[in-house]
Number of protein chains: 2
Amino acid sequence: MADALEPEQLRAYFALMESVSLLQHAVEQQLRADGGISYVQFQLLARLAQTKQLTMTELADGVVYSRSGLTHQAKLLERAGLITRTGCPDDQRATVAAITDTGLALIRRLMPGHIEVTRSLLFDSLSNEDLHALTEIMTRARDHMRAQPPRSATSRRRPTTD
Amino acid sequence: MADALEPEQLRAYFALMESVSLLQHAVEQQLRADGGISYVQFQLLARLAQTKQLTMTELADGVVYSRSGLTHQAKLLERAGLITRTGCPDDQRATVAAITDTGLALIRRLMPGHIEVTRSLLFDSLSNEDLHALTEIMTRARDHMRAQPPRSATSRRRPTTD
DNA sequence: TATTGTTATACTCTATAACTATA
DNA sequence: TATAGTTATAGAGTATAACAATA
């Protein structure tokens, strides 16, 4: 089951990882320089810009891999006036995060540069057929990965009773 | 030039970033659990396993974005007995890094699990056509990104005189 | 008893600037 | 003067465990 990957699989794997590493680094530079926020913080803000209201657990999904990490980031965003955290009326245990006008304005201000970076680094080298193929492939891959159980029994998403 | 990305570009971008994030997290878990090393350290070891001898600058290429970061990682790897650093006879300024037998053994021990993670998370969801397309697309994207000049004038790869 | 979220803490990674030594 | 690399240091990110409050 764990033989060597085929050469083409290796090439795909390395090209994928290095490309995203380069892209992510460039995006992080832009966000930090233009808005003083990290990519993780940008992701959280972008999610809240779409759905307005999210509990901490919902907000964490797919972006952050530990609860304390999210609390830390949320605290920074709240301190910067970009989000608010209030108690949830439905479930007293939960905290509801929402983006502020300042946060919305920041996202709107950062978007053009963010888009420009991804365009010049990634999409400028892709044909329309490439784009279709990439979308299809990576969407399927993401769904597959999300459905995959974590390798270790001690996951932070679904902590077991041990 | 910086209009909104098309919806399909956005979908591709998000799927790409989230997939690699999930994959990288899984790979890091495996490497840390089975070998006690990080993904960056794994990449450095893997490069040295192929080419045996590399100067620090050559070794950094594409893996690490600052010289001091590489020095730090190299120090850790050296302390763990996984690589050696010796002066370069050709250029007295340079340091040549080489992998040790212990380092080679570690890479060989980690590879099956590493491959198994990437296979179960990524390649199991890909057809042969997908694999061909992905390889072609991401190889081209990587080459394009590598050729791209950094967005800011103050790059750490090509420090200017300011 | 399980879940939501926070806190405290420790560890790792990364980057900047100053420095040494060699080309 | 430019390059290769190290050092010191400071800042940010992340994770673990212990905890409080609610379901």
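Bear in mind the structure is a predicted one, so any value in this text is a computation, not a measurement. Here is how names work: the chains are called A, B, and so on, in the same order as the sequence lines, proteins then strands, and each is numbered from 1. Both backbone and side-chain heavy atoms feed into the values below; hydrogens, waters and symmetry mates do not.
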In terms of relative ring orientation, are His114(B) and Tyr39(B) parallel, tilted or perpendicular, with 30° and 60° separating the classes?
parallel
Mind running side-chain hydrogen bond (donor to acceptor under 3.5 Å, both in side chains) on Thr135(B) and Tyr13(A) for me, showing each step along the way?
CA-CA 8 Å; Thr135(B) 306; Tyr13(A) 174 58; over 6 Å; no
Measure CG/Leu44(A) against P/dG13(D) and give the value in whole Å, please.
11 Å
Can you figure out which of dT7(C), dG13(D), dT6(D) approaches the side chain of His72(A) most closely?
dG13(D)
Whole-Å distance between dT4(C) C1' and Asp90(A) CG?
14 Å
Using a strict 4.0 Å threshold on nitrogen-to-oxygen distance, state whether Asp34(B) and Arg109(B) make a salt bridge.
no
Please give me the minimum heavy-atom distance between Arg47(B) and Leu59(B), naming the atom from each residue.
NH1-O, 3.7 Å
Interatomic distance where CZ belongs to Phe42(B) and P belongs to dT12(C) [whole Å]:
20 Å
Below 4.0 angstrom from OP1 or OP2 of dT7(C), is there any side-chain N or O of Lys75(A)?
yes
Specify the residue among Val63(A) and Pro89(A) whose closest nucleotide of DNA chain D lies further upstream toward the 5′ end.
Val63(A)
Let me know the distance between CD of Gln24(B) and C1' of dG13(D), rounded to the nearest Å.
14 Å
From C-beta outward on Arg93(B), which listed nucleotide comes closest to its side chain: dT6(D), dA23(C), dT3(C)?
dA23(C)
From the candidates dT22(D), dT22(C), dT14(C), the one with an atom nearest any side-chain atom of Ser66(B) is dT14(C)
What does Leu70(A) touch in the nucleic acid at a heavy-atom separation under 4.0 angstrom: a base, only the sugar-phosphate, or nothing?
nothing
Find the distance Leu77(B):CG to dT6(D):P and express it as a whole number of Å.
12 Å
Does a side-chain N or O of Gln73(B) approach OP1 or OP2 of dT12(C) to a distance below 4.0 Å, or not?
no
If each of Thr57(A) and Asp91(B) is mapped to the nucleotide of DNA chain C with the nearest heavy atom, which maps nearer the 5' terminus, i.e. the 5' end?
Thr57(A)
For residues Gly81(A) and Thr102(A), report the shortest heavy-atom separation together with the two atoms involved.
O-CB, 3.6 Å
Find the distance Leu76(B):CG to dC11(C):P and express it as a whole number of Å.
14 Å
To the nearest angstrom, how far is Glu78(A) atom CD from dG5(C) atom C1'?
13 Å
Please determine if a side-chain N or O atom of Arg67(B) lies less than 4.0 Å away from the OP1 or OP2 oxygen of dC19(C).
no
When you measure from the side-chain N and O atoms of Arg32(B) to the phosphate of dT14(D), is any distance below 4.0 Å, counting only OP1 and OP2?
no
With a 4.0 Å cutoff (strictly under), does any side-chain N or O of Arg85(B) reach OP1 or OP2 of dT6(D)?
yes
With distance as the sole criterion, do the side chain of Ser68(A) and the base of dT16(D) form a donor-acceptor contact below 3.5 Å?
yes
What integer distance in Å separates Glu28(A):CD from dG11(D):C1'?
14 Å
Any idea which heavy atoms bring Ser125(B) and Arg140(A) closest together, and the distance?
O-NH1, 2.6 Å
Would you classify Leu59(B) as touching base, sugar-phosphate or nothing, given that sugar-phosphate means primed atoms plus P, OP1 and OP2, and contacts are heavy atoms under 4.0 Å?
nothing
Picking from dG5(D), dT4(C), dG13(D), the nucleotide nearest the side-chain atoms of Ala94(A) would be dT4(C)
What nucleotide among dG13(D), dT22(C), dT6(D) has an atom nearest to a side-chain atom of Gln92(B)?
dT22(C)
Regarding Thr95(B), tell me which of base, sugar-phosphate or nothing describes its non-hydrogen contacts under 4.0 Å with the strands shown.
sugar-phosphate
